[in-house]
2 protein chains.
Amino acid sequence: MNKYFSKEEILCSDSFFRKNLINCLSGYKSLNLIGTKNSKGLSNLALFSQVFHIGASPPLIGVLFRPHTVKRDTLENILETSSFTINQVGAAFYKKAHWTSARWEGSEFEKTGLQEEYRNGFFAPYVQGSPVGLGCSLVETQTLQVNQTVLVVASIDHIYVEEKGLRDDGSLDLNVLETVTVSGLDEYHLGNRLARLHYAKPSKEVEEI
Amino acid sequence: MNKYFSKEEILCSDSFFRKNLINCLSGYKSLNLIGTKNSKGLSNLALFSQVFHIGASPPLIGVLFRPHTVKRDTLENILETSSFTINQVGAAFYKKAHWTSARWEGSEFEKTGLQEEYRNGFFAPYVQGSPVGLGCSLVETQTLQVNQTVLVVASIDHIYVEEKGLRDDGSLDLNVLETVTVSGLDEYHLGNRLARLHYAKPSKEVEEI
């Protein structure tokens, strides 16, 4: 049985109800911590559900930022230094990751107990213990006309993955890595594999790998 | 134990290995079928892992399309008609959803056995049995300079959700809805809830709702 909402009903609904519902509509979302440092050396760590694949050759990744109308440390640090890290959130530290979203003074690393780690001279800090860490550099930004959301496009320059999750074909076993996914604003999940499926062809129904 | 890849190593690696790895780096991705129809009445259905939340007030959603250098039926139909549906993929039909990605002649609805459904006079077809169906209209497109990827931004005008997954606070229980998530190119998963967490404050560690 379906429940229907028109756009008008949504716009007139309670804002908390609306935020919860609209944030759930796209389905499960990626969950990553973004590490940055400003030019004065102050580090910052923030949780994002809006990181997505853009291209494999060259390796590109995108991050969507809420409108740049209030202070956004992560976005400002990226625009200032061009450097940031993307760190997948693991089940062992997702509560600390959530805690980074509180309104802290100073670095979220110190406050939440997540450890910053500097690797191979890269400017921005990685999150120690993250199953996948990416060292990224700014390539391009686009600002959406409709609501001033900012899309940051970055080059993936350094990749660190926990070996136990790396398969021979290059794919990652996110179940083994205990990577966390998020739905809506506040609900965290592990993935539970159904199957990998062979490349689809019209001539036969899809088969599991 | 971490395995490290530099950008140079990635660019020199086997293209299959590279695609698998880079597509896994952002973590779990949303999984949705996009339904469209061209002005001649031919319907189309295609699987996307690049649908994401853009804003709640007004409700906006984004879809990222590979470079528009070859024929892209979904993108062309959206640009032509401004109308499309986004349908979350459920566990009951994820294999049929995967099959839409084969190179079909004619409508993927007929070929894969997924049923198209027209609701309240909306131009584009919904997928019958999808736990969440959205009727969307084109608002804006942005083309990335770096690789000609096209970002489509759309207004969410109609929302249909299966009642069993809708909570009183507006959030959706994606575990109950059996919404599927994807990692990499071909690996499908269900979500398995860890917890919902209270709004984060500096004054105390995060707590489960």
**OP:** Check whether any side-chain N or O of B/E162 sits under 3.5 Å from a backbone N or O of B/L177 as a donor-acceptor pair, and report yes or no.
**Re:** no
Subject >> Region of A/L134 that comes under 4.5 Å of a non-hydrogen atom in chain B >> reply: side chain
**OP:** Name the option with the most non-hydrogen atom pairs under 4.5 Å to chain B; the candidates are A/M1, A/R18, A/Q142, A/H98.
**Re:** A/H98
Subject >> Between A/Y160 and A/N120, a side-chain donor and acceptor under 3.5 Å >> reply: yes
Subject >> Which of B/K29, B/K19, B/E205 touches chain A most, by non-hydrogen pairs under 4.5 Å >> reply: B/E205
**OP:** Could you look at A/L151 and say if it's the side chain, the backbone, both or neither that has a heavy atom under 4.5 Å from chain B?
**Re:** side chain
**OP:** Return the option, out of B/N23, B/I209, B/V180, B/L31, with the maximum number of heavy-atom pairs under 4.5 Å with chain A.
**Re:** B/N23
Original post:
Among B/T100, B/V146, B/L144, B/V89, which has the most heavy-atom pairs under 4.5 Å with chain A?
Top reply: B/L144
**OP:** Measure distances from A/N147 to the heavy atoms of chain B and classify the residue's part below 4.5 Å as side chain, backbone, both or neither.
**Re:** side chain
**OP:** Name the option with the most non-hydrogen atom pairs under 4.5 Å to chain A; the candidates are B/A102, B/S49, B/P58.
**Re:** B/A102
Original post:
Checking heavy atoms, do the side chain of A/I86, its backbone, both or neither come under 4.5 Å from chain B?
Top reply: neither
Original post:
Which residue out of A/I159, A/V153, A/I61, A/L21 racks up the most heavy-atom pairs below 4.5 Å with chain B?
Top reply: A/I159
Subject >> Steps toward ring pair (Phe, Tyr, Trp, His ring centres under 6.0 Å) verdict (A/F84, A/F123) >> reply: CA-CA 8 Å; A/F84 64 105; A/F123 183 77; over 10 Å; no
**OP:** Identify which part of B/L190 has an atom lying under 4.5 Å from any heavy atom of chain A, answering side chain, backbone, both or neither.
**Re:** both
**OP:** Return yes when atom OH of A/Y4 has more than 12 non-hydrogen atoms of other residues, nucleotides or ligands closer than 6.0 Å, and no otherwise.
**Re:** yes
Original post:
Checking heavy atoms, do the side chain of A/L64, its backbone, both or neither come under 4.5 Å from chain B?
Top reply: side chain
Original post:
chain B: which of A/L185, A/L172, A/V161 shares the most heavy-atom pairs with it under 4.5 Å?
Top reply: A/V161
Original post:
Going through the distances and angles, do A/H198 and B/D186 end up as a side chain to side chain donor-acceptor pair (under 3.5 Å)?
Top reply: CA-CA 7 Å; A/H198 276 291; B/D186 54 20; over 6 Å; no
Original post:
To the nearest 0.5 Å, what is the distance between CD1 (B/I34) and CD1 (B/I78)?
Top reply: 5.5 Å
Subject >> Contacting moiety of B/N32, where chain A heavy atoms sit under 4.5 Å >> reply: side chain
**OP:** Measure A/S137 against the heavy atoms of chain B and call it side chain, backbone, both or neither at under 4.5 Å.
**Re:** neither
**OP:** Could you tell me whether the side chains of A/T179 and A/Q88 share a donor-acceptor contact shorter than 3.5 Å?
**Re:** yes
Original post:
chain A heavy atoms under 4.5 Å from B/D169: which part of the residue, side chain, backbone, both or neither?
Top reply: both
Subject >> Reported SG-to-CG distance for the pair B/C136 and B/L60, which is rounded to 0.5 angstrom >> reply: 10.0 Å
Subject >> Any pair counted as ring-ring contact (aromatic ring centres under 6.0 Å, His included), so long as it reaches residues 161-182 of chain A, sequence neighbours left out >> reply: none
Original post:
Between NZ of A/K204 and CD of A/E207, what distance do you get to the nearest 0.5 Å?
Top reply: 4.5 Å
Subject >> Proximal component of A/L174, with respect to chain B [non-hydrogen, under 4.5 Å] >> reply: both
**OP:** For each of A/I54, A/N192, A/V132, tally heavy-atom pairs with chain B at distances under 4.5 Å, and name the one with the top tally.
**Re:** A/N192
Original post:
Who wins among A/E163, A/R119, A/Q50 for the most heavy-atom pairs under 4.5 Å with chain B?
Top reply: A/E163
Subject >> Options B/Y28, B/F17, B/Y94, ranked by heavy-atom pairs under 4.5 Å with chain A, top entry >> reply: B/Y28
Original post:
For the side chain of A/N87 and the backbone of A/V127, is there at least one donor-acceptor N/O pair under 3.5 Å apart?
Top reply: yes
Subject >> For chain B, the option from A/L25, A/L166, A/D168 that forms the most heavy-atom pairs under 4.5 Å >> reply: A/L25
Original post:
Is it true that a side-chain atom of B/S183 and a backbone atom of B/C24 form a donor plus acceptor pair closer than 3.5 Å?
Top reply: no
Original post:
How far does CZ of B/R72 sit from CG of B/L79, to the nearest 0.5 angstrom?
Top reply: 12.5 Å
Original post:
chain A heavy atoms under 4.5 Å from B/I156: which part of the residue, side chain, backbone, both or neither?
Top reply: both
Original post:
Checking B/T141 against chain A: side chain, backbone, both or neither under 4.5 Å from a heavy atom?
Top reply: neither
**OP:** Indicate whether any N or O donor in one side chain lies under 3.5 Å from an N or O acceptor in the other, for A/H158 and B/S6.
**Re:** no
Subject >> A/K7, NZ atom: more than 12 neighbouring heavy atoms under 6.0 Å >> reply: yes
Subject >> Rounded distance [0.5 Å steps], OH in A/Y188 versus OG1 in A/T181 >> reply: 10.5 Å
Original post:
Are A/K164 and A/D173 ion-paired here, with the side-chain N under 4.0 Å from a carboxylate O?
Top reply: no
Subject >> Which portion of A/V139 sits near chain B, non-hydrogen atoms under 4.5 angstrom >> reply: side chain
Subject >> Region of B/D14 that comes under 4.5 Å of a non-hydrogen atom in chain A >> reply: neither
**OP:** Below 4.5 Å from any heavy atom of chain A, which atoms of B/L197 appear? Answer side chain, backbone, both or neither.
**Re:** both
Subject >> Neighbourhood of chain A inside residues 105-117 of chain B, taking heavy atoms under 4.5 Å as contact >> reply: none
Subject >> Options B/E208, B/K3, B/E9, ranked by heavy-atom pairs under 4.5 Å with chain A, top entry >> reply: B/K3
Original post:
Atom CZ in B/F5, atom CD1 in B/I22: separation rounded to 0.5 Å?
Top reply: 9.0 Å
**OP:** Looking only at non-hydrogen atoms, find the nearest pair between A/Y118 and A/F122 and report the distance.
**Re:** CD2-O, 3.8 Å
Original post:
Side chain, backbone, both or neither: which part of B/V51 has a non-hydrogen atom closer than 4.5 Å to chain A?
Top reply: both
**OP:** Spell out, as yes or no, whether a donor-acceptor pair under 3.5 Å connects the side chain of A/N44 to the backbone of A/D73.
**Re:** no
**OP:** Measure B/Q145 against the heavy atoms of chain A and call it side chain, backbone, both or neither at under 4.5 Å.
**Re:** both
